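I have placed the structure first, in the form of structure tokens, so that the comments after it can refer back to it.
Chain letters run A, B, ... following the sequence lines, proteins first, then strands; residues in each count from 1. Keep in mind the model is a prediction, meaning the values are calculated, not measured.
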Number of protein chains: 2
Amino acid sequence: MKPETRKEEIIRVAAKLFKEKGFSAVTMRDLATAMGIKAASLYNHINSKQEILKEIIISLAEDFTESIKIIYNSKNNSLEKLSNIIELHVSLTTKNTYHMASLNNDWMHLEDQLEYYLKLRKDYESYFLKILNEGMDASEIKNVNPQIIMFTMLSTLRSLYLWIPKKEDLNIDELANNLSVVLIQGINK
Amino acid sequence: MKPETRKEEIIRVAAKLFKEKGFSAVTMRDLATAMGIKAASLYNHINSKQEILKEIIISLAEDFTESIKIIYNSKNNSLEKLSNIIELHVSLTTKNTYHMASLNNDWMHLEDQLEYYLKLRKDYESYFLKILNEGMDASEIKNVNPQIIMFTMLSTLRSLYLWIPKKEDLNIDELANNLSVVLIQGINK
DNA sequence: TCCTTAAACTAACACTTGTTAGTTTGTGTT
DNA sequence: AACACAAACTAACAAGTGTTAGTTTAAGGA
């Protein structure tokens, strides 16, 4: 493991602040204070506030889209693929709790990268829907409007960042298992 | 139906802007432009930006907490009560789509009213958990960690504001019914 | 016609915002 | 001792922030 660079440290601290108040409500002076330095000093390490947001969101969004593509192309059946998606969200959210908040709530403040982000999200949802539709064709998944199933699952999975930090007592694998029970057995014929 | 006052109109337009960019990113000049007037003119009708946020969030939060209390005290069984909760969210979200965004994302910027809001939310969740626990005692609900069931249901229901405006083709009752299938039959023993 | 009132306006305020420029400090290397 | 470099600093900027004060405008009732 490489040690964290100063830039990475700034981004990590920023993500934490963004989670609490949102990107727009956090000033560079807030961030500097949290780092124990002056605002101007931040610019030795980063180019702009925008860049911090981009660094928080884009690589994580790429992770999600790449991973669901792999899940989609695997040889598992549809229900197993849905379980894999749940595990993916639990895993990425556990490792990037604060980043997930910006991914959910601050993406609209991406400027140059907004279009690219929207494409990543659209691709992600396309793979999700393909898995659901193929599961229905194979009679593995209940015949309910797939948009509604995706909406239900994604709403839950996207909110995980709010609950995971509270549940330090709760085992992560147990969480994924319980979510699978609640989310999947309900749509299993 | 009383006609809308100018103040109510400002609050309605503000809620729409807050949904798109968040409370902090919307300036009083943005709001004024959307109203077709100058920023200073807003203050003939409202006392502060804070007050707008309060008006958007608090009465809606009160609605939720009062309504779930009534549902809890009704004579329905637990599964029917959960259906009622789903209908409640679909109904309030349909009527207040934009307000729901602030309720979800901007509550932390309430200042004077923050504590009161948190109490309303805590009370709401207490009633929800009571319904789940009584349902388990009565063997109507699967024996899964009730926090996880509530988390799953609430994540979905709180995100409705994101999906309802897109689905003008989709019937509202059908939405509530489909959600009940997906969310409840999964936890029904 | 005069008065009241709702609702807009202009002008300005004190403060905060992100960011830049140039400088200093401390640490490790030659 | 001299140097290089990362990383902090001070000072300042132009623009934007929420808000206030006082004024104008248009419509309706006395």
Side-chain angles (χ1 to χ4, degrees), chain A residues 1-58 101-102 105-114, chain B residues 1-58 101-102 105-114:
Chain A
M1 286 268 228
K2 279 183 212 161
E4 190 180 45
T5 67
R6 199 77 171 124
K7 177 173 178 175
E8 286 163 347
E9 191 184 352
I10 289 172
I11 290 168
R12 179 172 52 80
V13 172
K16 192 165 186 173
L17 296 184
F18 291 170
K19 185 197 169 191
E20 282 158 21
K21 314 198 326 185
F23 173 76
S24 302
V26 175
T27 70
M28 296 303 274
R29 285 165 181 82
D30 291 338
L31 177 52
T33 300
M35 292 290 298
I37 60 178
K38 300 287 169 172
S41 307
L42 294 168
Y43 289 84
N44 285 315
H45 309 280
I46 51 101
N47 294 312
S48 65
K49 194 186 178 191
Q50 260 301 302
E51 187 200 20
I52 297 176
L53 187 64
K54 183 197 80 189
E55 297 275 347
I56 290 173
I57 292 181
I58 293 296
S102 291
N105 303 322
D106 292 322
W107 56 266
M108 70 285 277
H109 299 115
L110 288 169
E111 295 172 359
D112 296 345
Q113 310 279 333
L114 178 57
Chain B
M1 284 270 228
K2 279 183 212 162
E4 190 181 44
T5 67
R6 200 75 171 126
K7 177 173 179 176
E8 286 163 348
E9 191 184 353
I10 289 172
I11 290 167
R12 179 172 52 78
V13 171
K16 192 165 186 172
L17 296 184
F18 292 170
K19 186 197 168 191
E20 282 158 22
K21 314 199 321 184
F23 173 76
S24 302
V26 175
T27 70
M28 296 303 274
R29 285 164 182 82
D30 291 338
L31 177 53
T33 301
M35 292 290 298
I37 61 177
K38 300 287 171 171
S41 307
L42 294 167
Y43 289 84
N44 285 316
H45 309 282
I46 52 100
N47 293 312
S48 65
K49 194 186 179 191
Q50 260 301 303
E51 188 200 19
I52 297 176
L53 187 64
K54 183 196 79 189
E55 296 274 346
I56 290 173
I57 292 182
I58 293 295
S102 292
N105 303 321
D106 292 323
W107 57 265
M108 70 285 277
H109 300 115
L110 288 169
E111 295 171 0
D112 296 344
Q113 309 278 334
L114 178 57

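- Residues B/Lys7 and B/Glu55 are paired through a salt bridge, judged by an N-O separation under 4.0 Å between the basic side chain and the carboxylate.
- Here D/dG18 presents its C1' atom at 15 Å from CG of B/Leu53, a figure rounded to the nearest Å.
- Of the two residues near DNA chain D, B/Ala40 and B/Asp30, the one whose nearest nucleotide lies more 5' is B/Asp30.
- Within the 4.5 Å cutoff, side-chain heavy atoms of B/Phe18 are placed close to those of B/Ile52.
- Below the 3.5 angstrom threshold, one finds no donor paired with an acceptor across the side chain of B/Asn44 and the base of C/dA6.
- When the P atom of D/dT19 is taken as reference, atom CG of B/Leu31 falls 11 Å away, rounded to whole Å.
- Look at OH on A/Tyr43: it is 19 Å from C1' on C/dT23, rounded to the nearest Å.
- Between the CD1 atom of A/Ile46 and the P atom of C/dT20 there is a distance of 9 Å, rounded to whole Å.
- For the pair A/Lys49 and C/dG18, the criterion of a side-chain N or O lying under 4.0 Å from OP1 or OP2 is met.
- Ionic pairing of B/Lys54 and B/Asp112 is not present here: no N-O contact between side-chain nitrogen and carboxylate oxygen is shorter than 4.0 angstrom.
- Rounded to a whole Å, the CD atom of B/Glu8 is 12 Å from the P atom of C/dA7.
- Here C/dG18 presents its P atom at 8 Å from CZ of A/Phe23, a figure rounded to the nearest Å.
- A/Ile37 has its CD1 atom 6 Å from the P atom of D/dC9, to the nearest Å.
- Scanning atom types as modelled, no donor and acceptor separated by under 3.5 angstrom connect the side chain of B/Arg29 and the base of D/dG16.
- Residues B/Glu20 and A/Met108 fail the side-chain proximity criterion, which asks for heavy atoms closer than 4.5 Å.
- The nearest heavy atom of DNA chain C to A/Asn47 and to A/Thr27 marks one nucleotide each, and the one closer to the 5' end goes with A/Thr27.
- Under 4.0 angstrom from either OP1 or OP2 of C/dA6 there lies no side-chain N or O belonging to B/His45.
- For the pair A/Glu9 and A/His45, the minimum side-chain heavy-atom distance is 4.5 Å or more.
- Within the 4.0 Å cut-off from OP1 or OP2 of C/dA7, not a single side-chain nitrogen or oxygen of B/Ser41 is found.
- Across the protein-nucleic acid pair, B/Leu42 atom CG and D/dT17 atom P stand 14 Å apart, rounded to whole Å.
- Dashed line: the shortest gap from a side-chain N or O of A/Arg6 to OP1 or OP2 of D/dA8 is under 4.0 Å.
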